[in-house]
Amino acid sequence: MGKNDTKKFYLLGDPVGHSISPIMQKLFLDYYKIKGQYKALRVTADNLDSVLSSLKLNGVLGINITVPLKETIVSYLDKVSDIARFVGCVNTIKINNRLLEGYNTDALGFQKSLPISVKDENVLLIGAGGAARAILTSLGKLKCRKVLIFNRTVSRAEALLKEFKIKFPTIKIGVSTLDSDLLKREIVKAKLLINATSVGMKSHKQELSYINPEFFHNDLFVYDVIYNPLETKLIQGAKEKGLRFCNGLDMLIYQGLESLKIWLGQELPFKSSLIEKVRAILTQKLQD
Ligand code: NAP
């Protein structure tokens, strides 16, 4: 087998040094017996152009995009898939005949990771960035009853409301600033509370201080998209109250698998033991 048989994938962003995606994708590649490599490359908007040119010339098949390139990347795409257009955010690129095709796998990643049914239920969504867009897409597809979006910058949440009301006309969507009183009033009617902001991340100094676990009721499911740390203050609050909860690790795993499927252009059947193994290895890595 020649060197060119190795399938090449990259994660581009800054910082990417502590990303667990290379470990995760290596586990997938090994599982499917694919000779491949997935590397994280520190790239900023300033050198994105030259990096993309070189990846195209070097026969790279696929790219994941992370902060701060998620918006900049759009102007480099030759084609945007229906799902990426619907979500309004690209996290995966397939290089096809040196052309860049943008996809979104976070929406499906969230949907596959969600362990409860939200059909006809009320959901509180904190955040209005790329992750929130993907989650709103899933919630719409899962036919929830109402989504109330809380965001620091309310104009960003209003833009989401305007866009997604057209996409999902039967779902009620409301927006608010980060308001403890409203959250307290609405949470009693909600089945699911989701943090889709970066607040609580290891690199972030702040916590979601306006969400008091005292507001939580016994039937609430708490979902935090953050996986580093594995337990944010929000998750700790849910745990202490004896509620059901999950962090963002399964979303990461499922979106990663979806990206690989797109790059290879084939279905990738798996046993639940694959997810369990990947989850265990990544959990160990994040605890180190
Ligand atoms: P993004 O587009 O930059 O959006 C960031 C969101 O966080 C916005 O709603 C922003 O509010 C809010 N935010 C940031 N700092 C804040 C602060 N100090 N106080 C209040 N709100 C603040 O980022 P993203 O791509 O959506 O990512 C958000 C989080 O999701 C990150 O932690 C990311 O790692 C995680 N994520 C996880 C997965 C997974 O697979 N588990 C996938 C994608 C993303 P403003 O609009 O007011 O700025």
Side-chain angles (χ1 to χ4, degrees), residues 11-21 23-25 28 40 45 64-74 84 87-92 103-115 124-138 147-161 163 175-180 183 194-211 222-235 245-260 275 278-279 282-283 286:
L11 169 69
L12 307 184
D14 181 25
V16 288
H18 291 97
S19 170
I20 53 173
S21 291
I23 299 172
M24 176 176 78
Q25 289 292 351
F28 292 153
N64 279 135
I65 294 293
T66 187
V67 281
L69 304 174
K70 283 191 175 177
E71 273 146 39
T72 325
I73 194 70
V74 175
V87 175
C89 183
V90 167
N91 74 327
T92 299
Y103 293 83
N104 183 291
T105 63
D106 282 337
L108 208 49
F110 174 79
Q111 196 168 325
K112 292 197 166 173
S113 71
L114 187 66
L124 303 187
L125 175 62
I126 323 289
R133 283 180 163 276
I135 290 170
L136 203 48
T137 303
S138 303
V147 184
L148 191 50
I149 308 167
F150 291 82
N151 198 48
R152 176 179 62 178
T153 312
V154 77
S155 57
R156 209 171 174 194
E158 277 163 354
L160 233 64
L161 176 139
E163 214 180 298
V175 298
S176 166
T177 49
L178 304 176
D179 176 341
S180 289
L183 192 110
I194 308 163
N195 172 39
T197 74
S198 40
V199 183
M201 275 173 85
K202 212 165 197 166
S203 52
H204 226 281
K205 295 284 170 269
Q206 282 168 295
E207 292 291 345
L208 288 171
S209 51
Y210 57 93
I211 305 181
V222 177
Y223 193 120
D224 201 324
V225 291
I226 292 172
Y227 49 84
N228 191 12
L230 289 160
E231 273 190 22
T232 55
K233 281 260 162 57
L234 182 68
I235 293 293
F245 60 87
C246 80
N247 62 23
L249 202 49
D250 278 14
M251 178 174 169
L252 180 83
I253 296 171
Y254 285 111
Q255 67 77 31
L257 209 41
E258 288 303 317
S259 293
L260 190 59
I275 305 297
V278 175
R279 191 192 292 131
L282 297 182
T283 299
L286 289 164

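Order of listing sets the numbers, starting from 1, for every ligand and every atom in it.
- The ligand atoms of ligand 1 that sit less than 4.0 angstrom from a heavy atom of Thr197 are 6 (C), 7 (O), 12 (C), 28 (C), 29 (C), 32 (O).
- Against a heavy-atom cut-off of under 4.0 Å, Gly129 is close to the following atoms of ligand 1: 2 (O), 4 (O), 9 (O), 26 (O).
- Distances below 4.0 Å separate heavy atoms of Ile226 from the following atoms of ligand 1: 32 (O).
- Checked options Thr105, Leu260, Leu108, Asp250; the residue passing with Gln255 is Thr105 (criterion: side-chain contact (heavy atoms from CB on, under 4.5 Å)).
- Here's the thing with Gly127: none of its N/O atoms is less than 3.5 angstrom from an N/O atom of ligand 1.
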Hey, mind stepping through Asp106 and Thr137 against side-chain contact (heavy atoms from CB on, under 4.5 Å) and telling me if it holds? CA-CA 10 Å; Asp106 282 337; Thr137 303; over 6 Å; no

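- Look at Lys70 and you'll find a heavy atom under 4.0 Å from some atom of ligand 1.
- For ligand 1, none of its N or O atoms has an N or O atom of Tyr227 under 3.5 Å away.
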side-chain contact (heavy atoms from CB on, under 4.5 Å) between Tyr227 and Leu282, intermediate numbers included: CA-CA 10 Å; Tyr227 49 84; Leu282 297 182; over 6 Å; no

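- Among Gln255, Arg156, Met201, the residue whose heavy atom lies nearest to atom 3 (O) of ligand 1 is Arg156.
- Every atom of ligand 1 with a heavy atom of Thr153 under 4.0 Å away is listed here by number and element: 45 (P), 46 (O), 47 (O), 48 (O).
- Short contacts between ligand 1 and Ala196, defined as distances under 4.0 Å to a heavy atom of the residue, involve ligand atoms 28 (C).
- The shortest N/O to N/O separation between Asp106 and ligand 1 does not fall below 3.5 Å.
- Considering backbone and side-chain atoms alike, Ala131 places an N or O below 3.5 Å from some N or O of ligand 1.
- Taking every non-hydrogen atom of Ala128 and a distance limit under 4.0 Å, the qualifying atoms of ligand 1 come out as 9 (O).
- Considering backbone and side-chain N/O of Leu252, one or more are found under 3.5 Å from N/O of ligand 1.
- Between the choices Ile126, Ile253, Val225, Leu249, the shortest heavy-atom distance to atom 37 (C) of ligand 1 belongs to Val225.
- Residue contact check for ligand 1: Gly109 places no non-hydrogen atom closer than 4.0 Å to it.
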